[in-house]
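Positions are given from 1, in the same order as the sequence printed here. First listed ligand is number 1; within each ligand, the first listed atom is number 1. The figures that follow rest on heavy atoms only: side chains count, while hydrogens, waters and symmetry mates do not.
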Amino acid sequence: MTGDLPKAQPTPDGTLTVFSERYGELYASRHGAGRQSRAVFLEGSATHLHPSPRVLEIGFGLGLNFRTTLKQVSGRGAALAYRAFEAYPLPASVLAEVSAGEAHPLWLALLDAWDAGVLRGELELGGGPHHLRIDFADVNAADLPKGWASAVYLDGFSPARNPEVWTPPLLARLAASLASGGVLATYSAAGAVRRGLIAAGLDVEKRRGQEHGLIGKREFLVARRA
Ligand SMILES: C[S@@+](CC[C@H](N)C(=O)[O-])C[C@H]1O[C@@H](n2cnc3c(N)ncnc32)[C@H](O)[C@@H]1O
């Protein structure tokens, strides 16, 4: 981060996001951050239906996808294991500002432990039915679990601004982190991303944003491991 801390800004569905000075983009859709999180990541990956989801996320960012997932999964009494990578964490104060009103105990514990976890390089919370581990590291330099994830949330900044999280070798490693039947979901529908996911052996489906209640998002991708 350079300069002042980013300020939270509202999106039309009432959720907040912030602008990244580093990448020159918002962390989530300006047309509705919460709506995109649900339609693309939670529902796109079928995590909302899985009896005990194991989610791997590339980049944790503001934790919006985690909060969306935790809320839905805990609301139906299911267990959740969530692993995430984040190379450039924002301070806890920014996460607290965008999540004002969020009262899930695991989220509150995360806010308490965040800044110390960033200094240590990792954060692990849980003990009950919900388990969270975040590695504050570049995903390209990290070991990924193999055959583990019921869902991969691929949520870097755009391929143009954040190309290193969309390379064919990383897409292949993310495909290998999926359990059979697992689904990678991403908001990007770029041709190179689609081709990289196909080359990684996944069955790729393009979904139309409009059919999933998304404004300003023509298409997104879900890719299943057979
Ligand atoms: C669009 S934001 C993610 C938003 C987040 N999923 C949420 O729900 O709030 C992209 C994130 O990817 C992180 N990132 C970019 N390159 C990365 C890398 N090589 N390894 C790990 N994280 C990375 C960025 O720092 C940023 O936090």
Handout entry: Tyr88 and Ser20: side chain donor to acceptor below 3.5 Å
Key =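 No - no donor-acceptor pair under 3.5 Å links their side chains.
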
Problem - Pairing residues for Arg195 by the salt bridge (Lys or Arg N to Asp or Glu O under 4.0 Å) criterion, not counting sequence neighbours - result: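 Checked Arg195 against salt bridge (Lys or Arg N to Asp or Glu O under 4.0 Å); zero matches.
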
Table please: side-chain donor-acceptor pairs of residues 216-226 below 3.5 Å, with sequence neighbours left out.
from: Lys217; atom 1: NZ; to: Tyr187; atom 2: O; distance (Å): 2.9
from: Lys217; atom 1: NZ; to: Glu219; atom 2: O; distance (Å): 3.4
from: Arg224; atom 1: NH1; to: Gly181; atom 2: O; distance (Å): 3.2
from: Arg225; atom 1: NH1; to: Ala176; atom 2: O; distance (Å): 3.4
from: Arg225; atom 1: NH1; to: Leu178; atom 2: O; distance (Å): 2.6

Side-chain donor-acceptor contacts of residues 74-81 below 3.5 Å, not counting sequence neighbours, with atom names and distances?
from: Ser74; atom 1: OG; to: Leu70; atom 2: O; distance (Å): 2.6
from: Arg76; atom 1: NE; to: His48; atom 2: O; distance (Å): 3.1
from: Arg76; atom 1: NE; to: Gln72; atom 2: OE1; distance (Å): 3.0
from: Arg76; atom 1: NH1; to: His50; atom 2: O; distance (Å): 2.8
from: Arg76; atom 1: NH2; to: Thr47; atom 2: O; distance (Å): 2.8
from: Arg76; atom 1: NH2; to: His48; atom 2: O; distance (Å): 3.4
from: Arg76; atom 1: NH2; to: His50; atom 2: O; distance (Å): 2.8

Problem - Atom-level proximity to ligand 1, residues with heavy atom under 4.0 Å - result: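 Close residues (ligand 1, cut-off 4.0 Å): Tyr23, Tyr27, Glu57, Gly59, Phe60, Gly61, Leu62, Gly63, Leu64, Asn65, Phe85, Glu86, Ala87, Tyr88, Ala137, Asp138, Val139, Asp155, Gly156, Phe157, Asn162, Glu164, Val165.
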
Practice task
Give a yes or no on whether Arg194 atom CZ has more than 12 heavy-atom contacts from other residues, nucleotides or ligands under 6.0 Å away.
Solution key: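 No, not enclosed.
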
Practice task
Would you please classify the geometry between the Tyr27 ring and the Phe157 ring as parallel, tilted or perpendicular, with 30° and 60° separating the classes?
Solution key: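 If you compare the ring of Phe157 with that of Tyr27, the planes turn out perpendicular.
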
